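Quantities reported herein were computed from a predicted structural model and do not represent experimental measurements. In the text below, chain A, chain B and the rest are named by the order of the sequence lines, each starting its count at 1. The figures here come from the full heavy-atom set of this structure, side chains too, leaving out hydrogens, waters and symmetry mates.
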Number of protein chains: 2
Amino acid sequence: MAGKAAPLYRKVAGDLRAAITAGEYGSGARLPAEDELARTYGVSRGTIRQALGALRTDGLVTSRRGARRVVLGGGGARLQSFEELRSFARWARSQGEEPGGRTVAVDPGEATEEEAYHLRLPVGERIFRVLRVRTLSGVPVMVERTTYPERVGELVAAMDPGLASHADELEAHGVLFSDALHTIDVVPADAADAELLGCRAGDGLLRERRRSTDPAGLPVEWSQDRYLPGTVAFTVRNSSGSRAMGRSLNGS
Amino acid sequence: MAGKAAPLYRKVAGDLRAAITAGEYGSGARLPAEDELARTYGVSRGTIRQALGALRTDGLVTSRRGARRVVLGGGGARLQSFEELRSFARWARSQGEEPGGRTVAVDPGEATEEEAYHLRLPVGERIFRVLRVRTLSGVPVMVERTTYPERVGELVAAMDPGLASHADELEAHGVLFSDALHTIDVVPADAADAELLGCRAGDGLLRERRRSTDPAGLPVEWSQDRYLPGTVAFTVRNSSGSRAMGRSLNGS
DNA sequence: GGGGCGAGGTTGTACAGCCAACTGTTGTAC
DNA sequence: GTACAACAGTTGGCTGTACAACCTCGCCCC
């Protein structure tokens, strides 16, 4: 029951994160020096730097050579862990909303060129296509069209159509997600979207496409989510030196 | 003209990045072990790990304990550096498009509560509001509404209204950008948007709001960009363990 | 009051080494 | 043949050290 022992640097990072969000360091305040943190936590400076590196990529603090680190006021927008972001159900619960949904269709099929490309499979390979409607407190907010490779799709196909969270179930069967590439844009609702979401065809929907891979780098899903306008927004943190975000021309 | 000497780990990272995008390691291929890379580059393992860490946060490779690193096929979506993402003009040029734009209005004013919040200023502080239309090859694709704190706004106000890139000019005056928090959603075009972009009022536009800060953590802009549907998409890379992205309820 | 200068403080980069945790493979036993 | 065990290979985590680059702040001078 003890769970895995967290590495030292994670404990330190969690501690500092808590201290910051609890307001012990106001927005713009300077953090203690690395050497001092190392002494107070009784660890080496390298470990402290690992912890601070995590806070930096989280966007909680700045850092530049020669000056103490500065706390960046969170700005209200909470960033979520990968797990919360990946699972609609977990995310909704973390926001105090009641997630729901129903599986409209689960169809086995053969990979089109596009699907094969994103799932790194040969064209024609067996895949599963799943169409779901997601709700918050009973109100439909999103249509999700996902393509799974066979081994994952079989698990999804066997699930209860009313199940709120596929993510939990997949995890229980040993399907792990570790990386995702998201593309976010706007697309007009088609007839099916309009029917399922209760909007008019042609209305602009917020679209998120993503390809997720497991820790070994194998694609586990290729998904396209369409949100009603005004329901959700995506937040992204970004800093110089990292290349985690981009903007692309919309060719199609 | 030699520019700054890049740190060792950046050279190594650049080298590996080039090798990967050049296809020397196909999608799914395994990278050489850290020790081997260290020998071939003649540096310590720590330096190699720093380089690989950069590639990992860029989403080019996976990594897990016990197994060699695996190349994640880029999937076609190119991620841009912070600088390219920040500047519309630089981004456009990097995509082979001709950026343009005109400054519609530059108005000094006093910070509203919202502006004061995002720029970390007292309400009523002097700020500048700038409205611009951005074009690609002469076609309007985006409306940009930015609020600057006084010291930055003064520089912008003095610029040529037809200048393609404010970013270059600001940089020349010592205004540096280092972090940004983006919020992406869909919003209906208002009358002004419709007029400037040549669409109908009520059409769904892709909206990106961002607050950017300098290396010391001081806000330097609070901006709201609205893109015509179908012109651009945003891409984000995301992996377990990092908290760089989120999804939020749209309260307003 | 303002500007220049220098000393000390702080983070960035790089090296070396050690052990633990985990993976993939090989080979053995049944 | 198949399941299991041992092993070598590999990355994660942590410590310690040294120096370089850079920032801040106080001091001095004007």
Side-chain angles (χ1 to χ4, degrees), chain A residues 2-14 16 28-57 60-72 174 176 178-179 214-218 239-242, chain B residues 2-14 16 28-57 60-72 174 176 178-179 214-218 239-242:
Chain A
K4 271 187 247 186
L8 266 181
Y9 80 92
R10 276 189 195 281
K11 289 188 195 172
V12 174
L16 290 171
R30 290 191 293 185
L31 285 179
E34 294 174 359
D35 280 329
E36 194 183 329
L37 288 172
R39 275 195 302 275
T40 64
Y41 282 101
V43 300
S44 76
R45 188 181 157 219
T47 301
I48 293 293
R49 282 182 66 77
Q50 240 177 314
L52 289 172
L55 295 191
R56 188 194 163 180
T57 67
L60 284 177
V61 301
T62 58
S63 77
R64 54 189 176 134
R65 174 181 258 164
R68 292 262 268 268
R69 287 187 164 78
V70 171
V71 175
L72 288 173
L176 299 177
S178 101
D179 284 82
D214 69 8
L218 268 61
S239 69
S240 72
S242 103
Chain B
K4 272 186 245 187
L8 264 182
Y9 80 92
R10 276 190 194 282
K11 290 188 195 170
V12 175
L16 289 172
R30 289 191 295 184
L31 248 45
E34 294 174 358
D35 279 329
E36 194 183 328
L37 288 172
R39 275 195 303 276
T40 64
Y41 281 101
V43 300
S44 75
R45 189 182 155 217
T47 301
I48 293 292
R49 283 181 65 78
Q50 232 175 321
L52 290 173
L55 295 191
R56 189 193 162 181
T57 67
L60 284 177
V61 299
T62 57
S63 77
R64 55 190 175 134
R65 173 182 266 168
R68 287 260 195 83
R69 287 187 164 80
V70 171
V71 175
L72 288 173
L176 298 177
S178 103
D179 285 83
D214 69 9
L218 268 62
S239 70
S240 73
S242 104

*Distance from B:E36 atom CD to B:T40 atom OG1, nearest 0.5 Å?*
6.5 Å
*Drop me the distance from A:L60's CG to A:R69's CZ, to the nearest 0.5 angstrom.*
12.0 Å
_Those residues that, when tested against A:Y41, pass side chain to side chain donor-acceptor pair (under 3.5 Å) (two or more places apart)_ = A:D15
_For D:dC25, the Watson-Crick or wobble counterpart (both distances under 3.5 Å)_ = C:dG6
*Please check if the side chain of A:R68 supplies one atom and the backbone of A:L31 the other of a donor-acceptor pair under 3.5 Å.*
yes
*Give a yes/no on whether any side-chain N or O of B:R69 is located under 4.0 angstrom from OP1 or OP2 of D:dG9.*
no
*State, yes or no, whether a side-chain contact exists between A:I48 and A:V43 at a heavy-atom distance under 4.5 Å.*
yes
*Establish, with yes or no, whether the OP1 or OP2 oxygen of D:dT10 is under 4.0 angstrom from a side-chain nitrogen or oxygen of B:R68.*
yes
*Hey, could you give me the CD/OG distance between B:E34 and B:S63, rounded to the nearest 0.5 Å?*
8.5 Å
Between the protein and nucleotides 15-17 of chain C, which nitrogen or oxygen pairs are less than 3.5 angstrom apart?
residue	atom	partner	partner atom	Å
C:dC15	OP2	B:S44	N	3.0
C:dC15	OP2	B:S44	OG	3.1
C:dC15	OP2	B:T47	OG1	2.6

*asked:* Measuring from atom CG of B:L8 to atom OG1 of B:T47, what distance do you get when rounded to the nearest 0.5 angstrom?
replied: 6.0 Å
*asked:* Counting only side-chain nitrogens and oxygens, does B:R64 get under 4.0 Å of the OP1 or OP2 atom of C:dG24?
replied: yes
*With DNA chain D as reference, determine whether B:A216 or B:A67 sits nearer its 5' end, using the nearest nucleotide of each.*
B:A67
*Round to the nearest Å and state the distance from A:Y9 atom OH to D:dT15 atom P.*
13 Å
*Please report, rounded to the nearest Å, how far the C1' atom of C:dC22 is from the CZ atom of B:R65.*
7 Å
*Taking CZ from A:R49 and C1' from D:dA18, how many angstroms apart are they, rounded to a whole number?*
14 Å
*Which value, rounded to the nearest 0.5 Å, describes the distance between B:D214 atom CG and A:T62 atom OG1?*
8.5 Å
_Short of 4.0 Å, heavy atom to strand atom, which residues of residues 29-40 of chain A count as contacting DNA chain D?_
A:R30
*Sub-4.5 Å side-chain heavy-atom contact between A:D179 and B:L72*: yes
*Could you give the NZ-to-P distance, from B:K11 to C:dA14, as a whole number of Å?*
9 Å
_Atom-to-atom span, CG of A:L52 to C1' of C:dT11 - whole angstrom_ = 10 Å
